[in-house]
Number of protein chains: 2
Amino acid sequence: MALGAEQGMAGLPTITAVAQVAGVSVATASRALHGGGASAATAERVRLVAEQLGYRPNAVARALQGGTIGQIAMIVPDAANPVYARMTSAVQHELAADDRHLLVAQAQDPADVAAAIGRFGPSTIDGLIVVPLRPEPQVLEALDAARVPTVVIGSLPLTAVHGAVGADSRAGVQLAIDHLVAQGAQRIAFVNGPVDTTPGRMRLEGYRLALDAAGLDFDPALVVAADDFTHAAALPAIDALLERSARSFDAIVAANDLIAFAALRVLSDAGIAVPGDCLVVGMDDTELAQMAIPSLTSVDLGAEARGTLAAQQLLASLRGEADAISHATVVPRLVVRESSTRRDRP
Amino acid sequence: MALGAEQGMAGLPTITAVAQVAGVSVATASRALHGGGASAATAERVRLVAEQLGYRPNAVARALQGGTIGQIAMIVPDAANPVYARMTSAVQHELAADDRHLLVAQAQDPADVAAAIGRFGPSTIDGLIVVPLRPEPQVLEALDAARVPTVVIGSLPLTAVHGAVGADSRAGVQLAIDHLVAQGAQRIAFVNGPVDTTPGRMRLEGYRLALDAAGLDFDPALVVAADDFTHAAALPAIDALLERSARSFDAIVAANDLIAFAALRVLSDAGIAVPGDCLVVGMDDTELAQMAIPSLTSVDLGAEARGTLAAQQLLASLRGEADAISHATVVPRLVVRESSTRRDRP
DNA sequence: TTGAAAGCGCTAACAA
DNA sequence: TTGTTAGCGCTTTCAA
């Protein structure tokens, strides 16, 4: 004894310290602390000592020799965006319940996403959740090169061997349009985000499908795409819509809530009342939606649910559950509020 | 040679593989890859081999033997809250530029915050950023027990040896009130969050100081506190304010934008026009503020700046810069929008 | 059931 | 300038 491995001196107590105090070998201590074969008495004693010393296993050492480090990384386009913030929050909660940590990285452009994936060195993460805006080959390659179980949030070419949790944007837009039609809308405009993104593409598809289903004509003059899924980028797009369509629409579907807010603003400035003269529906059902005046009808695409599901799927796969990795889809839900319900005009 | 450490077989190439291929010892390879003493020729050759093999240093192994792992943890009350989301995003950007990763954890209650701090085992992080809502002794103790450089975002008893970056809530509220007074407001109500939080306490102080400075009386009937800094919690509080004050106020300062939105809603429902009958100012200058209708005047308390500063301070201290750890304060900035400017009534 | 020893990938003495 | 050796904390053979 007294080999210099006294606890508390330089740093936290190690398993060596625990073993010493308990009077067993390091190997036995290790076994006692995990499931492994150790006599009940020994196990009990070691555990007691460990607790008294405040022993915390060193995740780094454990990871080094092949184990897991208890960390999951998540790559989102923009952590400040309310949708991704909620997703991130949900993932973190789920991981915390499993005593794991969450690494958050941000990347938008395919090249950056690929780089971000590659930036996680060997052993540093047990799993990966990626939210790609644009699922280009670059990203898919990087995903394949990742050495850890991966779940993608967002649609993915079906060839991929990774897990995936998607929103059903198409169905979401259809929900919105069916609702607007039921409210009596005839000419429904659509303000999209960039069409080269997965959400942009899917939502446009949903728009066309829903119009078809409702027996309405597709009029290109009623469709615009903002350069980005943001409020700022949407403002000029909606200005353009007003002009191009000669204000002939009676409802607007926005590809997300931020764009819907831009619509509310432009309409308000143009003296078009919502919902009196024009109905508006957003998507994502951000917390903003219920706070707006008029409160915003929005399609909940399940940001939180997607985060939770992705985390659960990843955790299950880490636990070795065979059928853990799958392709799940969250069913959208329409939340009706003031902006789309024609009642009394204020 | 051919000792079984061939590259690419089981896992990524290690420094051993690089050394072998380059025909040098592992130590030399290590030295060549870092600054250390190695002949220019050797260094060059090793670096080339490393690149060809796609060698990535194993951060975990490096951390194990006492180095740094390149990870910073951040603990926020709620990652979904737009303010903390922005802060987190800013921190992440700053860290990424220094090639470090960000771990995000969420905890509100002091006990949970303390636990969250303790959950980071030895060697797993190089530094820590904490955003405590309530700086109770429990949290301070946990902070002191942390073995890594720490920066606190939010005010802290000055005894602490950690870095700190604070908002000047007091000055922020004063900015708001001075502005309202300049707009002609006489009876300014204040809708606060919980007073046992640091922001809650400071903002209330600022309110009283500013009233004093403006020569206005403090009327308890004009002050309410929501149970939480959220929209939902603020609604009943503002209802109570209307009742209690007999609607005798002509302006409202809200402790944050979410509460301000609640005010807009309650006022709207009560038929009180903003800014016509009542001016409203929020705090935090969330992205929501510019999106609202009427757009919301708000005091920018520098969420992003605080995140950036905290990260910079932490990084500097990790670099060993002596005077890195300090107590900084971000100066608030009033952003005037429609909700507080009496012009034409719509 | 337990202990001794090897080794994960890396850096840092210490020698040569 | 380079190589040899030890060791970070842990798990895991392999013997006893």
Side-chain angles (χ1 to χ4, degrees), chain A residues 1 3-46 50 53-70 121-124 126 147, chain B residues 1 3-46 50 53-70 121-124 126 147:
Chain A
M1 62 210 79
L3 284 172
E6 331 225 333
Q7 86 283 18
M9 207 210 73
L12 277 44
T14 71
I15 199 172
T16 310
V18 172
Q20 243 173 238
V21 174
V24 296
S25 74
V26 196
T28 303
S30 173
R31 281 184 291 247
L33 262 12
H34 305 309
S39 77
T42 313
E44 195 44 38
R45 185 156 39 95
V46 171
L53 259 44
Y55 166 73
R56 305 277 321 276
N58 186 321
V60 165
R62 192 176 283 174
L64 181 59
Q65 47 83 48
T68 92
I69 193 174
S123 308
T124 49
D126 302 330
R147 302 295 191 116
Chain B
M1 63 213 77
L3 284 172
E6 332 224 334
Q7 87 283 19
M9 207 209 74
L12 277 44
T14 70
I15 199 172
T16 310
V18 173
Q20 244 173 237
V21 174
V24 296
S25 76
V26 197
T28 302
S30 172
R31 280 185 291 246
L33 263 12
H34 304 310
S39 76
T42 313
E44 195 43 39
R45 185 157 39 97
V46 172
L53 258 45
Y55 166 74
R56 306 278 321 278
N58 186 322
V60 165
R62 193 176 281 175
L64 181 58
Q65 48 81 49
T68 90
I69 194 174
S123 307
T124 49
D126 302 330
R147 301 295 191 117

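Chain letters run A, B, ... following the sequence lines, proteins first and then strands; every chain starts at 1.
Regarding Gln65(B), its CD atom lies at a distance of 12 Å from the C1' atom of dA13(C), rounded to whole Å. Between Leu33(B) atom CG and dT1(D) atom P the separation is 17 Å, expressed in whole Å. Taking atom CZ of residue Arg45(B) and atom P of nucleotide dT1(D), one finds them 14 Å apart after rounding to whole Å. Taking atom NE2 on His34(A) and atom C1' on dG9(D), their separation rounds to 11 Å, with Å as the unit. The separation between Leu64(A) atom CG and dG7(C) atom P is 14 Å, rounded to whole Å. Atom pair Ile15(A):CD1 and dT12(D):P shows a separation of 11 Å (rounding to whole Å applied). The CG atom of Leu12(B) sits 15 Å away from the P atom of dC8(C) (whole-angstrom rounding). Spacing between atom CD1 of Ile69(A) and atom P of dC10(D) amounts to 13 Å, rounded to whole angstrom units.
Along DNA chain C, the nucleotide closest to Ala61(A) and the one closest to Ala40(A) are compared, and the more 5′ of them pairs with Ala40(A). If you find the closest nucleotide of DNA chain D to Gly23(B) and to Arg56(A), the one lying nearer the 5' end belongs to Gly23(B).
Between dT2(C) and Ser39(A), a contact under 4.0 Å exists linking OP1 or OP2 to a side-chain N or O. Phosphate proximity of dG9(D) to Thr16(A): absent, as no side-chain N or O sits under 4.0 Å from OP1 or OP2. Between Thr42(A) and dT2(C), a side-chain N or O to OP1/OP2 separation shorter than 4.0 Å is present. The side chain of Ser25(A) contributes an N or O atom lying less than 4.0 Å from OP1 or OP2 of dG3(C).
Using a 4.0 Å heavy-atom cutoff across all strands shown, Pro57(B) reaches sugar-phosphate atoms only and no base atom. Among the heavy atoms of the strands, none lies under 4.0 Å from Gly66(B). Residue Val60(B) is classed as having no contact, given no heavy-atom separation below 4.0 Å to the nucleic acid. At a threshold of 4.0 angstrom between heavy atoms, the contacts of Ser123(B) with the nucleic acid are absent. Within the nucleic acid shown, Ala38(B) comes within 4.0 Å of sugar-phosphate atoms alone, with no base atom in reach, counting heavy atoms only.
Judged purely by atom type and a 3.5 angstrom limit, Arg56(A) has no side-chain atom pairing as donor or acceptor with the backbone of Pro122(B).
The side chain of Arg31(A) approaches dT13(D) more closely than any other nucleotide in the set dT13(D), dC10(D), dT11(C). Considering only side-chain atoms of Thr28(B), the nucleotide from dT11(D), dG3(D), dT11(C) that sits closest is dG3(D). With dG9(D), dT11(C), dT4(D) as the candidates, the nucleotide lying closest to the side chain of Ala27(B) is dT4(D). Of the candidate nucleotides dT12(D), dC10(C), dG9(D), dT12(D) has the atom lying nearest to any side-chain atom of Ser30(A).
Counting all heavy atoms, side chain and backbone alike, Leu64(B) lies closest to Ala61(A) at CD1-CB, 3.6 Å. Across Tyr55(A) and Thr14(A), no two heavy atoms sit closer than the pair CE1-C, 3.6 Å. Pro13(A) and Gly54(A) make their closest contact through CG-O, 3.8 Å (heavy atoms, listed as atom of the first residue, atom of the second, distance).
Note that CZ of Arg62(B) and OG of Ser123(B) are 14.0 Å apart. Values are rounded to the nearest 0.5 Å.
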Self-check item: Residues Ile69(B), Thr124(B); criterion side-chain contact (heavy atoms from CB on, under 4.5 Å); working and verdict
Solution: CA-CA 7 Å; Ile69(B) 194 174; Thr124(B) 49; 5.5 Å; no
